[in-house]
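For reference, the structure discussed in these notes is given below.
Bear in mind the structure is a predicted one, so any value in this text is a computation, not a measurement. One-based numbering, in listed order, for ligands and for the atoms of each.
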Amino acid sequence: ATEVSTVTDTQAQLQLNSTPINHALSDVVKTDDWSDFAFRPIRESTVSRAMTSRYFHDLDKFAVSDVVIIGCGSSGMSAAYVIAKNRPDLKVAIIEANVAPGGGAWLGGQLFSAMVMRKPADLFLNELEIPYEDEGDYVVVKHAALFTSTVLSKVLQFPNVKLFNATAVEDLVTRPAGPNGEITVAGVVTNWTLVTQHHDDQCCMDPNVIELSGYKNDGTRDPSKKHGVVLSTTGHDGPFGAFSAKRIVAIDTNKKLLGMKGLDMNNAEAGVVKGAGSYSGVESMYFAGMEVAELEGCNRMGPTFGAMAVSGIKAGEEILKHFAN
Ligand code: AHZ
């Protein structure tokens, strides 16, 4: 049996060698002979500078941003797509605590692959050219990772978007916004997530900030410019989740954290979409995704993702209106 399989393998190899393979490196590896293959030369410091110069340039460029999205899960990515596609002139910074962006949208629920979206969220899949099976009232993407990787790749290709991953928002920057105690969010306080996780056992590791646009150099409001916005999409409560919702109830004394209620798909998805958008208690603050459920006391929906996409789209469109008016 061993002899037969050896003969077959050799024949297959010969067949492969006689057929030119049209691969990406065909121009360089002309005869499928890799023996002289070499990369162009480089210095180690060149690699270091190629990364760090760009990162520090981005830190500088996005130190003042028009839109800061906290959390890069399904709702945050959907909002980023809508905003960046329609307004290439706005600087959109996405801050994601995890190394891997995507939040809970790499699997459809439990550890299962397929992602369910109730109609009419399929229209967003059409826009993104993500294939799905049509099951009547709902559609199924064969793997949640197909949705997440597609939205993510489209968002990251917009030149006006910067994703700062492995970076946690630790607080909101706030400023007075009126004579009666009104407050506006004016930026976010950031830190490397690994630092954020060690405030209890290391001393004094001060954070950094991203400020929203709309201020003069002396820090006063520039009325000729639109005020930037923060959109929080940090998901439901957890080690990092519901971050801004929890912070907002300390800032807005009229607000109580209502907390996410039990699972009810029909009520939850409609409720989250209804509650998504601008937050009335603090100016320039917007919410989408499961964080809305924590803030407004909606049910959770479990593994159905239509409301994540649609609440992101709704908040994104409200933000577009803010910058258009
Ligand atoms: O890492 C978090 C995740 O990627 C990130 N995040 C949370 N706090 C942060 C902070 N700074 C920076 N302070 C932070 N990033 O936010 C992302 C949230 O993504 P998610 O997928 O958890 O939220 P989502 O609302 O977009 O989607 C929720 C998906 C769920 S949960 C659920 C249920 O349990 O019923 N149902 C659905 C559809």
Side-chain angles (χ1 to χ4, degrees), residues 68-81 93-110 112 114-118 121 138 141 144-145 147-148 151-152 155 163-172 187-197 199 207-210 230-248 259-273 275-276 286-296 298-316:
V68 174
I69 299 178
I70 316 176
C72 193
S74 45
S75 57
M77 286 189 297
S78 301
Y81 174 84
I94 309 175
I95 317 296
E96 169 50 55
N98 233 299
V99 172
W106 291 110
L107 289 163
Q110 199 161 327
F112 305 126
M115 174 184 259
V116 173
M117 281 207 188
R118 291 157 67 199
Y138 67 96
V141 180
F147 169 80
T148 299
V151 190
L152 191 57
V155 164
L163 167 67
F164 294 99
N165 45 337
T167 305
V169 170
E170 289 191 346
D171 206 346
L172 302 171
V188 293
V189 177
T190 61
N191 220 326
W192 306 116
T193 304
L194 290 174
V195 172
T196 300
Q197 288 169 329
H199 284 307
N208 192 14
V209 284
I210 293 182
V230 169
L231 168 62
S232 194
T233 64
T234 67
H236 58 63
D237 205 356
F240 281 104
F243 171 79
S244 305
K246 288 188 273 188
R247 203 65 195 88
I248 279 289
M260 182 176 73
K261 303 289 180 286
L263 193 152
D264 176 347
M265 286 185 185
N266 280 312
N267 280 322
E269 292 215 276
V272 164
V273 172
Y286 294 70
F287 285 94
M290 285 310 285
E291 197 169 359
V292 172
E294 293 285 1
L295 196 64
E296 302 302 343
C298 308
N299 294 93
R300 74 191 303 175
M301 75 277 301
T304 167
F305 283 81
M308 297 302 102
V310 176
S311 66
I313 293 168
K314 185 184 175 213

Open item on the list: If we ignore hydrogens and angles and just use 3.5 Å, is the side chain of Thr148 paired with the main-chain N or O of Ala105 as donor and acceptor?
Closed with: yes
Open item on the list: Would Thr167 count as a polar contact of ligand 1, with the cut-off being nitrogen or oxygen pairs under 3.5 Å?
Closed with: no
TODO: Look at atom 30 (C) of ligand 1 and say which protein heavy atom is nearest, naming residue and atom and giving the distance to 0.1 Å.
DONE: Met290 CG, 3.6 Å
Open item on the list: Counting non-hydrogen protein atoms only, what is the nearest one to atom 16 (O) of ligand 1? Give residue, atom name and distance.
Closed with: Gly71 CA, 3.2 Å
Task: Heavy-atom nearest neighbour in the protein, as seen from atom 13 (N) of ligand 1, with distance rounded to 0.1 Å - done: Val169 O, 3.0 Å
- [ ] Can you pull out the closest protein heavy atom to atom 32 (C) of ligand 1? Residue, atom name and distance to 0.1 Å, please.
- [x] Gly302 O, 3.8 Å
Open item on the list: Could you check whether any side-chain N or O of Thr167 sits under 3.5 Å from a backbone N or O of Asn165, counting only pairs where one atom can act as donor and the other as acceptor?
Closed with: yes
Open item on the list: If we ignore hydrogens and angles and just use 3.5 Å, is the side chain of Ser311 paired with the main-chain N or O of Gly289 as donor and acceptor?
Closed with: yes
TODO: Would you mind checking which non-hydrogen protein atom is closest to atom 9 (C) of ligand 1, with the distance to 0.1 Å?
DONE: Thr234 CG2, 3.8 Å
Open item on the list: With heavy-atom distances below 4.0 Å as the criterion, list the atoms of ligand 1 near Gly103.
Closed with: 3 (C), 4 (O), 19 (O), 21 (O)
Open item on the list: Quick check: closest heavy atoms across Met260 and Asn299, and the distance to 0.1 Å?
Closed with: CG-C, 4.4 Å
Open item on the list: I'd like the name of whichever of Cys72, Ala168, Ser75 reaches closest to atom 24 (P) of ligand 1 through any heavy atom.
Closed with: Ser75
Task: Interfacing atoms of ligand 1 (cut-off 4.0 Å, heavy-atom, Ile95) - done: 12 (C), 15 (N)
Task: Proximal ligand 1 atoms for Thr233, defined as those under 4.0 Å from one of its heavy atoms - done: 16 (O), 17 (C), 18 (C)
Open item on the list: Looking at His236, is its backbone amide N or carbonyl O close enough to the side chain of Glu294 to form a donor-acceptor pair, meaning the two atoms are under 3.5 Å apart?
Closed with: no
Report all side-chain donor-acceptor pairs from residues 68-80 shorter than 3.5 Å, counting only partners two or more places apart or in another chain.
residue	atom	partner	partner atom	Å
Ser78	OG	Ser74	O	2.7

Open item on the list: What protein heavy atom lies closest to atom 20 (P) of ligand 1? Include the residue and the distance to one decimal.
Closed with: Gly104 N, 3.9 Å
TODO: State the atoms of ligand 1, each with its element, that fall below the 4.0 Å cut-off from a heavy-atom position in Gly289.
DONE: 25 (O)
- [ ] Among all protein heavy atoms, pick out the one at the shortest distance from atom 19 (O) of ligand 1; state its residue, atom name and that distance to 0.1 Å.
- [x] Gly73 CA, 3.5 Å
Open item on the list: Working to the nearest 0.5 angstrom, can you tell me the gap between Asn191 CG and Glu170 CD?
Closed with: 4.5 Å
TODO: Quick one: look up the protein heavy atom nearest atom 2 (C) of ligand 1 and list residue, atom name and how far away it is.
DONE: Glu96 OE2, 3.5 Å
Task: Main-chain N/O of Leu163 paired with Glu96 side-chain donor or acceptor, under 3.5 Å - done: no
